[in-house]
There are 2 protein chains.
Amino acid sequence: MAVTVRDVAKAAGVSPSTVSRVFTAPEQVQTSTRDKVIEVASRLGYRPDPTARSLRSGRTESLGLVIPDIANPFFPPIVKAMQTRARTHGHTLLVADCDEREADELETIEAIVKKVDGLVLWASTLSDGRLRELAEEIPLVLVNRHVPGIPELHVSLAPGVTQAAEHLRALGHTSCVFVNCSRPEHLRGKAIRETFDAQGLGLVELGPYDPRFETGLHAATLAIANGATAILAHNDLVAVGVLHGLTAAGVDVPGEVSVIGIDDTLLAGLSIPALTTIRISPQAVATHATDLIVETITGSATAQHLVEVGSRLIPRASTGPAPHRA
Amino acid sequence: MAVTVRDVAKAAGVSPSTVSRVFTAPEQVQTSTRDKVIEVASRLGYRPDPTARSLRSGRTESLGLVIPDIANPFFPPIVKAMQTRARTHGHTLLVADCDEREADELETIEAIVKKVDGLVLWASTLSDGRLRELAEEIPLVLVNRHVPGIPELHVSLAPGVTQAAEHLRALGHTSCVFVNCSRPEHLRGKAIRETFDAQGLGLVELGPYDPRFETGLHAATLAIANGATAILAHNDLVAVGVLHGLTAAGVDVPGEVSVIGIDDTLLAGLSIPALTTIRISPQAVATHATDLIVETITGSATAQHLVEVGSRLIPRASTGPAPHRA
DNA sequence: ATGAAAGCGCTAACAC
DNA sequence: GTGTTAGCGCTTTCAT
């Protein structure tokens with residue numbers, strides 16, 4: 001098969017351990033020896049075998065990321081940035097999509113848990129108990145899920161929602177609707193209502209629905225009937241649905257109704273009118289999630305237990321002054 | 001650490017090899033023995049260690065997929081479908097994004113080549129020579145890249161483009177433009193022009209440009225100046241750019257100009273008007289690519305060397321009858 | 001700073 | 001059908 005440490009050792013006139021050290025702890029090897037080994041290794045085309053290395057060392061140099069749906073345009077930029085970040089730590093990123101189905105999540109995790117040094121679980125649907133068991137088996141980071149004792153990255157919509165409320169209030173809106181597509185237990189609706197309340201803005205919550213385009217279509221009708229002048233949608237996809245629904249009903253955006261999305265996916269910049277939305281930085285999420293799982297693996301002393309990533313409003317063309325009352 | 005074959009063997013009163021066989025070749029083990037081993041294994045919580053298994057067997061049970069850009073909405077559905085398909089073969093899919101940068105591709109491949117049993121390279125930018133070298137080292141499947149001797153999946157736009165040409169001809173169009181964003185050596189423009197020629201339709205090629213939204217904006221202006229009544233764009237993103245460009249110029253779609261995209265990404269169904277586009281089935285691509293690499297790995301006799309996946313036109317609202325000549 | 005020896009957990013020959 | 005033996009390629013004590 002391939003070239004091994006022994007081949008290199010023999011050809012360089014040193015022991016296998018020295019060759020190994022050259023690749024794992026070069027500072028422990030005398031410069032002259034090191035140079036020779038490196039020269040011979042590259043001449044022979046030696047590449048360390050990660051499998052053998054893992055078996056011996058117990059480390060895989062891989063990180064696992066489990067997400068609900070890679071086809072949701074919110075995730076690809078995060079995956080991309082995490083892959084880059086993982087590589088700066090010398091790790092490979094293993095992405096697993098559990099397809100939004102809870103039953104699949106455990107199976108999906110099972111399929112990669114033995115192949116990675118740590119796991120990042122995005123909005124896991126597993127029970128607290130299962131997660132605690134898992135955390136005992138392998139370093140774990142939870143994103144948007146809280147289980148006491150397990151390191152957590154919290155992606156907070158609060159700053160963006162506050163800015164959205166300020167934005168709408170400044171534009172004179174008073175009657176707002178939130179199209180909710182989260183699980184009720186997430187209390188997203190409650191949190192958002194409270195933020196709007198704090199700005200002196202009323203907010204009617206619709207849903208929960210599924211986070212689909214058609215949901216937006218439907219919600220637009222309801223919102224109109226409700227007399228709302230501003231609509232905050234669960235995400236950009238739903239917001240685009242709202243945009244379509246309003247347009248179909250002959251309602252002008254932003255002349256009569258303003259619309260705000262969440263996530264700032266590529267959809268937001270491409271809709272007509274371009275969508276005002278709440279942006280979550282994929283780089284920030286990726287960097288923090290990656291660093292947190294690496295610190296958890298190494299047991300680094302500087303490891304925070306809870307890291308927060310914020311959000312902010314990206315004003316575009318779908319929001320404008322509230323119409324004068326009839 | 002964890003439970004090993006030996007622990008199970010001891011507890012079940014059999015040898016380690018028997019335990020191993022229960023998990024790799026159960027039919028070679030007597031039913032009664034097998035049941036007992038399974039019972040003991042599950043009681044002890046035994047999970048085979050894939051690392052050790054790989055080291056010994058030489059197989060990783062993983063497949064690698066290298067793509068140019070996971071943030072391009074064309075890829076996520078394919079990644080998702082390939083992951084599912086790989087799992088039915090008992091494999092894990094390892095996705096690597098090389099970020100469209102040629103220099104990174106080799107590095108990206110390097111990072112995973114030793115961790116997988118086979119590699120699927122999407123539109124590789126590597127030289128023929130490098131690819132041949134790589135194919136010597138590991139089973140390889142090329143998508144949309146031809147190197148004699150290396151198994152290949154060809155995603156053919158021809159059927160969809162033919163249907164597009166028929167569609168436009170039936171609608172009375174005679175003056176068409178293709179916004180090209182492929183590398184010149186791909187000859188995509190030439191192939192498409194020939195297809196349109198065969199339908200008796202002229203086609204002016206613009207570009208090559210970068211496949212960006214702004215390209216569409218720009219191309220719209222050029223196409224109008226050109227007197228074109230139909231525009232075929234490199235992909236949906238560019239087509240949406242064209243849509244915006246035309247709208248901004250006060251040109252009605254499809255009243256004055258018809259627009260066709262390529263890929264049928266989620267953008268196509270969400271634009272206004274909804275985009276007529278050429279669809280490439282992610283499932284078909286994923287299934288064939290996965291099966292082809294698996295057959296290449298196993299050296300299966302039924303292995304085809306060249307597999308084709310077609311495409312078809314999805315008519316939506318962005319195409320209509322050509323306007324009457326002024 | 002370097003080498004010798006042991007063994008990570010598993011599977012594959014080979015024996016019986 | 002099952003056990004014995006050996007060793008995949010590497011890292012890591014421990015010794016020198």
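Throughout, a chain's letter reflects where its sequence line sits, starting with A, and its residues are numbered from 1. All figures in this text were calculated on a predicted structure; none of them were measured in a lab. Worth knowing before you read on, the calculation uses all heavy atoms, side chains too, and leaves out hydrogens, waters and symmetry mates.
Atoms CZ (A/Phe23) and P (D/dT11) sit 9 Å apart, rounded to a whole Å. Regarding A/Gln28, its CD atom lies at a distance of 10 Å from the P atom of C/dT2, rounded to whole Å. The CZ atom of B/Arg6 sits 13 Å away from the P atom of C/dT11 (whole-angstrom rounding). When the P atom of D/dG3 is taken as reference, atom NZ of B/Lys10 falls 14 Å away, rounded to whole Å. Atoms NZ (A/Lys36) and P (C/dT2) sit 11 Å apart, rounded to a whole Å. A straight line from CG of A/Leu55 to C1' of D/dT12 spans 13 Å, rounded to a whole angstrom. Spacing between atom CD of B/Glu61 and atom P of C/dC10 amounts to 14 Å, rounded to whole angstrom units. As a whole-Å value, the separation of A/Lys114 NZ from C/dC8 P is 15 Å.
Nucleic acid contact for B/Ser17: base, since at least one base atom lies under 4.0 Å from a heavy atom of the residue. B/Thr24 comes within 4.0 angstrom of the backbone, heavy atoms only, and of no base. Within the nucleic acid shown, B/Arg34 has no heavy atom closer than 4.0 Å to any nucleic acid atom. Among the atoms of the strands shown, base atoms are found under 4.0 Å from some heavy atom of B/Ser20. A/Tyr46 comes within contact range of the sugar-phosphate backbone alone, with a heavy-atom separation under 4.0 Å but no base atom that close. Heavy atoms of A/Thr33 sit under 4.0 angstrom from primed sugar atoms or phosphate atoms, though from no base atom.
B/Gln30 has a side-chain polar atom (N or O) that falls below the 4.0 Å cut-off from OP1 or OP2 of D/dT2. For D/dG3, the OP1/OP2 oxygens have a side-chain nitrogen or oxygen of B/Ser15 closer than 4.0 Å. At least one side-chain nitrogen or oxygen of A/Arg59 sits closer than 4.0 Å to the OP1 or OP2 atom of D/dT12.
Ranking D/dG3, D/dG9, D/dC8 by closeness to the B/Arg56 side chain, first place goes to D/dC8. Proximity note for B/Thr18 (side chain, C-beta onward) versus C/dG9, D/dT13, D/dG3: the nearest is D/dG3. Considering only side-chain atoms of A/Asp49, the nucleotide from D/dG3, D/dC10, C/dG3 that sits closest is D/dC10.
In terms of heavy atoms, A/Val8 sits closest to A/Val40 at O-CG1, 4.0 Å.
Side chains of A/His146 and A/Glu152: a donor-acceptor N/O pair is present below 3.5 angstrom, by distance only. In summary, the side chains of B/Ser62 and A/Lys115 do present a donor paired with an acceptor at a separation below 3.5 Å, with no hydrogens or angles considered. Counting only N and O atoms by type, the side chains of A/Ser15 and A/Ser17 include a donor and acceptor under 3.5 Å apart.
Atom CZ of B/Phe74 and atom CG of B/Asn72 lie 7.5 Å apart (nearest 0.5 Å).
Side-chain to base pairing of B/Arg21 with D/dG3: one donor and one acceptor N or O lie within less than 3.5 Å of each other.
Counted within 6.0 Å of CZ on B/Arg6, heavy atoms from surrounding residues, nucleotides or ligands total 12 or fewer; the atom is thus considered open.
Across the interface with DNA chain D, nearest-nucleotide mapping of B/Val29 and B/Ala52 shows B/Val29 to be the residue nearer the 5′ end.
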